[in-house]
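Scroll down for the structure; my scribbles are underneath it.
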Amino acid sequence: MTTSTSDHLSFGDSVRTLLDGKNFASVATLGPDGSPQNSVVWIKREGDTVLFSSTDHRQKVRNLRRDPRISVSVYDLANPYTSVEIRGTAEILPDPDKRLPHDLSHKYLGIDPPAEKEDEVRVIIRVVPRKIVGFSA
């Protein structure tokens with residue numbers, strides 16, 4: 001098990017490999033009453049941050065606008081005893097061209113994503129790590 005904490009963290013090679021694989025992430029945000037809300041998402045690593053896509057009206061996005069604290073857990077589908085939890089803060093960025101869902105669909109499925117309504121507003125959530133806890137058995 002490895003743990004690191006600071007204002008700016010770098011992912012080690014094993015964490016990068018896990019994030020770059022076709023592994024799903026579980027994203028926990030805090031609801032209005034402080035209770036956790038959890039979603040499974042596709043992710044993309046960008047440098048030492050984690051990106052995922054969402055539509056603007058989702059509960060997790062509303063939660064993050066109010067309180068940007070977030071936890072992202074990823075485990076290796078090929079070896080579930082290898083995992084990482086990334087705790088940090090979320091930045092909500094516009095995605096007017098819906099580029100990230102396209103990239104994620106190609107990463108996970110190898111095809112373009114299904115078409116969305118033109119008026120569907122997509123955002124990119126960028127997770128900036130503050131604590132990284134890795135586990136390997």
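Here the OG-CG distance, from Ser54 to Asp95, works out to 11.0 Å after rounding to the nearest 0.5 Å. In this structure, NZ in Lys44 is found 8.5 Å from CD1 in Ile124, a value given to the nearest 0.5 Å. In this structure, Asp76 CG and Ser14 OG are separated by 10.5 Å, a value rounded to the nearest 0.5 Å.
Phe52 and Leu30 fall into different hydrophobic clusters, where Ile, Leu, Val, Met, Phe, Trp and Tyr are joined by side-chain heavy atoms under 4.5 Å apart, directly or via other members. In the hydrophobic clustering of ILVMFWY residues, with side-chain heavy atoms under 4.5 Å counting as a link, Tyr81 and Leu18 come out apart.
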Passes side-chain contact (heavy atoms from CB on, under 4.5 Å), Ile125 versus Leu64? Steps please. CA-CA 9 Å; Ile125 309 299; Leu64 292 168; 3.9 Å; yes

Between Thr49 and Val127, does the side-chain contact (heavy atoms from CB on, under 4.5 Å) criterion hold? Intermediate values first, please. CA-CA 6 Å; Thr49 65; Val127 179; 5.9 Å; no

Apply side-chain contact (heavy atoms from CB on, under 4.5 Å) to residues Ser105 and Ile111 and explain how you reach the verdict. CA-CA 6 Å; Ser105 185; Ile111 59 173; 4.2 Å; yes

Between Asn79 and Thr82, does a side chain to side chain donor-acceptor pair (under 3.5 Å) hold up when you go through it step by step? CA-CA 6 Å; Asn79 177 10; Thr82 298; 3.2 Å; yes

After noting the C-alpha distance and the side-chain angles of Ser39 and Gln37, does the key distance pass the side-chain contact (heavy atoms from CB on, under 4.5 Å) rule? CA-CA 7 Å; Ser39 305; Gln37 191 260 339; 3.5 Å; yes

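Within the 3.5 Å criterion, the main-chain N or O of Arg69 finds no donor-acceptor partner in the side chain of Arg130. Without hydrogens or angle criteria, Asn63 side chain to Thr29 main chain gives no donor-acceptor distance under 3.5 Å. Under a 3.5 Å cut-off, the side chain of Ser35 and the backbone N or O of Gly31 do not form any donor-acceptor pair. At least one donor-acceptor pair closer than 3.5 Å links the side chain of Lys98 to the backbone N or O of Glu120.
Remark: Arg99 pairs with Asp103 by the salt bridge (charged side-chain N to carboxylate O under 4.0 Å, His left out) rule, at least two apart or across chains. Under the side chain to side chain contact (heavy atoms under 4.5 Å, CB included) criterion, Ser83 pairs with Tyr75, Phe135, not counting sequence neighbours. By the side chain to side chain contact (heavy atoms under 4.5 Å, CB included) test, Phe11 pairs with Val15, Arg16, Leu19, Arg45, Asp48, Val50, Ile86, Pro129, Ile132, sequence neighbours left out. Among residues two or more places apart in sequence or in another chain, the salt bridge (charged side-chain N to carboxylate O under 4.0 Å, His left out) test is passed with Arg126 by Glu46, Glu91. With sequence neighbours left out, the side chain to side chain contact (heavy atoms under 4.5 Å, CB included) criterion links His106 to His102, Asp112. Under the rule for a side chain to side chain contact (heavy atoms under 4.5 Å, CB included), the partners of Asp56 that lie at least two apart in sequence or sit in another chain are Val61, Arg65, Val121, Val123.
The two residues Arg66 and Pro32 make their nearest non-hydrogen contact at NH2-N, 3.0 Å. In this structure, Asn38 and Ala28 approach most closely via the heavy-atom pair ND2-CB, 4.1 Å. A pairwise comparison of heavy atoms in Pro96 and Pro94 identifies CD-C, 3.5 Å as the closest pair. Across all non-hydrogen atoms, the minimal contact from Pro101 to Pro113 is O-CG, 4.0 Å. Residues Ala25 and Ile43 come closest through the heavy atom pair CB-CG2, 3.4 Å.
Between Arg122 and Glu116, at least one side-chain N (NZ, or NE/NH1/NH2) sits under 4.0 Å from a carboxylate O, which counts as a salt bridge.
Looking at Leu51 and Trp42, their side chains never come closer than 4.5 Å, going by heavy atoms from C-beta outward.
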